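Notes follow once the structure below has been shown.
All chains are named by letter (A, B, ...) in the order of the sequence lines, taking the proteins before the strands, and each is independently numbered beginning at 1. Model, not experiment: these values are computed from the prediction.
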Number of protein chains: 2
Amino acid sequence: MIPDTSSKIIFTPIKNKRTFEEISLEIKRLIFKGILKPNDKLPSEIELARQFNVGRQTLREALRLLELSGFIAIQKGSTGGPIIEDTIFNTISNSFLDAFLMKKITTEELTIARLETEKGMLKYVIDNAKDSDIRSLKENIVQAKKHAKANIRPFRDNIEFHRLLAKASKNQMFVIMVESIMAIVADFFSRLEPEFDVSKRVIEKHEALLNAIIRRDRDKAMSLLEDHILKVGKRFQKIIDEVRK
Amino acid sequence: MIPDTSSKIIFTPIKNKRTFEEISLEIKRLIFKGILKPNDKLPSEIELARQFNVGRQTLREALRLLELSGFIAIQKGSTGGPIIEDTIFNTISNSFLDAFLMKKITTEELTIARLETEKGMLKYVIDNAKDSDIRSLKENIVQAKKHAKANIRPFRDNIEFHRLLAKASKNQMFVIMVESIMAIVADFFSRLEPEFDVSKRVIEKHEALLNAIIRRDRDKAMSLLEDHILKVGKRFQKIIDEVRK
DNA sequence: TCACATTTGTCCGTATGTATC
DNA sequence: AGATACATACGGACAAATGTG
C-alpha cells in the first residue's frame, strides 16, 4: 500500500545531521554530563575513528567543530592527541571581533553597550570584590605605571584592568561580556600607531576609579567610570574618522 | 658560515597555522574586505581545492571552520556548494548556550546580567524606538494572546518580545547580548513540562511595560522591567532547584 | 516521471611532518 | 640519534542528495 502522506502521522527523519556533527555532539554531551573533564586525554584520531566506526576524514571534521567551539585542543607529536579543554569564552570573544570586523557593530554601538554593561556591573564589583581582587587591581596599576615609565605602551595593562573589574563582580556573564567588548578594543589599539596612544593618561583614571571602589563610593565610582568610557569612546571614534578620511 | 642565532635578526616562522586555518582566514579576509558578500556563491569544493592547491580533505576542514563561525552555509546537490552567509550572531548565542550547559554560568548570574543589560538598554529603546518597532511589539502581544487562548504555550512569543525590544534600541550590541541571554532562557523553557508554565501571566507584564514605553515613562518602565525579570529569574531558580532534588 | 550531471558526504590508503622518549 | 606515535595532508573512489532537462 502506498503511504498516505496526507495523514497526520509524520515520520521523523532517521538522520538529521551529518555524521561529523553527530560525533561532535556526542562528545559534547559527555563533557556536559561531566564524564569528560578538562585535561582528560581523548584517544587518537585513528582510535576514535575506529570506535565511532567512521572514516578518518569524518572524525577530523568533528574534531574541527569541537576545537573551534572551545571544547578540545589538539597536540601534535608522539604523546599528542585531542585533550578536553575549556576555552568557550575565548570562542565567544573571537566571534564578537568577527562581527565587528564585518562592520555589523559600530564604534558608537560598542561604546554605549560597554558603558551600560560596565555601569550595570559596577555595583556588584563594589559589593562582591574580595581583598584578592583589590590587590590584583592595585598590582595592575603598578604594572601599568612601570610599563609607561619604560616607554612601553601600557594599553594591554589598561585593558586587563577592566577584565579584573569584571572578575571582581563574581559573575561569569559579566566576565564574558567585558571580555568580548575588550577583545574588540584590544584589537583596535593594537593596530594603532604609537603617536595616537593615550594610555598613559588612562592609568590615572583607573587609579581614581579603584580608589572610589575601595571607599565603596558608588556614585563617585559610577561617574568616574562613565566619564572614562565615554572619553575612550570619543577617542576611538575620532581615530576611526581620521583613518577613513 | 653558521648562522648567529644570538644576533638580533629574528626569522619569523614561514607557517604559523595549519593549512586549513590559513585557507579559512583567507576567505574571511575576502569577506571583511567586502569582496565576498552574503549570497555570493563560492566554487565547489573540488574547484576551491584546485585553486588553493590543496587536497579536498584540507579544504573541507577550512569550510567547517567557516561554517561554524557563521560565514558560510553549504548546500548539497547539483546546484549546491558553499554560499556566503552571515549568521555570526547565531554562532555567538550558540556558544553562550554551550557555556551555560557546561555550568560555567549559573541561573543567578544569568538573571543579574539579564537585568542589568535590559535595564541599560531600556532608555535607548524609549529614545530610539520607531513606530514600526512599537507596531511589532504590539503585534507580538496580540499573537501571544491568540496562542494563549488556543492553549498553545506562548513562551516563544514572550521571548521574541525581548528580542524586539533589543531591536528597538537600535544598537546591534544589545541585539546580540539579548539574543544570547534569551537563547539560554528559550532552551530552558522549551524543556519545561507544561504544568510549570507561567507564560500566560507574562503577557500582561509585557503589555504594561510596552504601554510605559509608549508613554515614554522611563521610571515606570524601568521598575516594571526589573520586577518582571527578577520574577522570571526566581521562577527559573525554583524549577532548577526542584529538578535537582 | 525518469535519467543525468553536479556537488557534498564519507571512506580508504598512503605519505609526510612533528613532538617525545 | 633513532624509534615511536601522533596529527597533517594528498588522491582516489563511491554513496547520497538535489536540481535540471
Side-chain angles (χ1 to χ4, degrees), chain A residues 1-6 11-27 36 39-85 87, chain B residues 2 5 11-27 36 39-85 87:
Chain A
M1 195 174 151
I2 296 160
D4 179 7
T5 52
S6 69
F11 297 100
T12 54
I14 304 294
K15 199 176 164 182
N16 280 324
K17 299 189 180 66
R18 295 170 285 188
T19 310
F20 63 82
E21 288 173 314
E22 284 182 355
I23 291 171
S24 167
L25 189 61
E26 191 56 34
I27 293 176
L36 289 174
N39 291 323
D40 281 358
K41 211 171 162 309
L42 258 56
S44 72
E45 282 183 7
I46 295 173
E47 177 59 19
L48 279 172
R50 201 189 58 71
Q51 287 189 26
F52 282 111
N53 196 27
V54 298
R56 289 255 280 143
Q57 166 140 359
T58 304
L59 188 102
R60 276 181 67 81
E61 290 184 37
L63 292 182
R64 291 292 85 73
L65 300 193
L66 291 167
E67 199 180 17
L68 192 65
S69 305
F71 286 96
I72 65 168
I74 283 150
Q75 283 168 3
K76 285 187 286 193
S78 127
T79 58
I83 292 180
I84 305 294
E85 211 192 58
T87 55
Chain B
I2 296 162
T5 51
F11 296 100
T12 53
I14 304 293
K15 199 176 164 182
N16 280 323
K17 299 190 181 67
R18 294 170 286 188
T19 311
F20 62 82
E21 286 172 317
E22 285 182 353
I23 292 171
S24 167
L25 189 60
E26 191 56 35
I27 294 176
L36 288 175
N39 290 324
D40 283 358
K41 213 171 160 309
L42 258 58
S44 72
E45 286 179 0
I46 294 172
E47 176 59 18
L48 280 171
R50 202 190 57 73
Q51 288 188 28
F52 282 109
N53 196 27
V54 297
R56 211 178 138 215
Q57 165 152 350
T58 306
L59 187 103
R60 276 181 65 83
E61 291 183 40
L63 292 183
R64 289 292 83 75
L65 300 193
L66 291 167
E67 197 181 19
L68 193 64
S69 305
F71 286 96
I72 66 168
I74 283 150
Q75 282 165 4
K76 285 187 288 191
S78 89
T79 58
I83 293 181
I84 305 293
E85 211 191 58
T87 55

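In this structure, Ile27(A) CD1 and Leu59(A) CG are separated by 6.5 Å, a value rounded to the nearest 0.5 Å. Note: Glu22(B) CD to Asn16(B) CG = 8.0 Å, rounded to the nearest 0.5 Å. Atom OG in Ser44(A) sits 9.0 Å away from atom CD in Gln51(A) (nearest 0.5 Å).
For the pair Ile83(B) CD1 and dT6(C) P, the computed distance is 18 Å after rounding to whole Å. One atom, CG of Asn53(B), and another, C1' of dT8(D), lie 16 Å apart when rounded to the nearest Å. Between the P atom of dA7(D) and the CD atom of Glu67(A) lies a distance of 11 Å, rounded to the nearest Å. Distance, Gln75(B) CD to dG9(C) P: 11 Å, rounded to whole Å. Rounded to an integer number of Å, the gap from CG of Leu59(B) to P of dT8(D) is 16 Å. Rounded to a whole Å, the CZ atom of Phe20(A) is 12 Å from the P atom of dT8(C). At whole-Å resolution of the value, CD in Glu21(A) and C1' in dT10(C) are 14 Å apart. Rounded to whole Å, atom P of dA5(D) lies 12 Å from atom NZ of Lys41(A).
Of the residues near DNA chain D, Ser78(B) and Ser78(A), the one whose nearest nucleotide (by heavy atom distance) lies more toward the 5' end is Ser78(A). Each of Gly55(A) and Gly77(B) was matched to the nucleotide of DNA chain C holding its nearest heavy atom; the match closer to the 5' end belongs to Gly77(B). Looking at which nucleotide of DNA chain C each of Thr79(B) and Gly80(A) is closest to, the 5′-most match is held by Thr79(B).
The phosphate of dG11(D) (OP1 or OP2) has no side-chain N or O of Arg50(B) nearer than 4.0 angstrom. Close to dA9(D), at under 4.0 Å from its OP1 or OP2, lies a side-chain N or O of Thr19(B). Thr58(A) has a side-chain polar atom (N or O) that falls below the 4.0 Å cut-off from OP1 or OP2 of dC11(C). For dT8(D), one of the phosphate oxygens OP1 or OP2 lies less than 4.0 angstrom from a side-chain nitrogen or oxygen of Arg64(A).
Between Ile83(A) and Lys41(A) the shortest side-chain heavy-atom distance falls below 4.5 Å. With a 4.5 Å cut-off on side-chain heavy atoms, Leu36(A) and Leu42(A) count as touching.
For the salt bridge (charged side-chain N to carboxylate O under 4.0 Å, His left out) criterion with Glu45(A), the lone passing option out of Lys76(A), Arg64(A), Arg56(A) is Arg56(A).
Glu45(B) comes within 4.0 angstrom of the backbone, heavy atoms only, and of no base. Nucleic acid contact for Pro43(A): none, since no nucleic acid atom lies under 4.0 Å from a heavy atom of the residue.
Distances from the side chain of Gln57(B) to the nucleotides dG9(C), dG11(D), dT8(D) place dG11(D) closest. When each of dA7(D), dC10(D), dT10(C) is scored by its nearest atom to the side-chain atoms of Arg18(A), the top-ranked nucleotide is dT10(C). Proximity note for Ile46(B) (side chain, C-beta onward) versus dT8(C), dT4(D), dG19(D): the nearest is dT8(C).
Scanning atom types as modelled, one donor and one acceptor separated by under 3.5 angstrom connect the side chain of Arg56(B) and the base of dG9(C).
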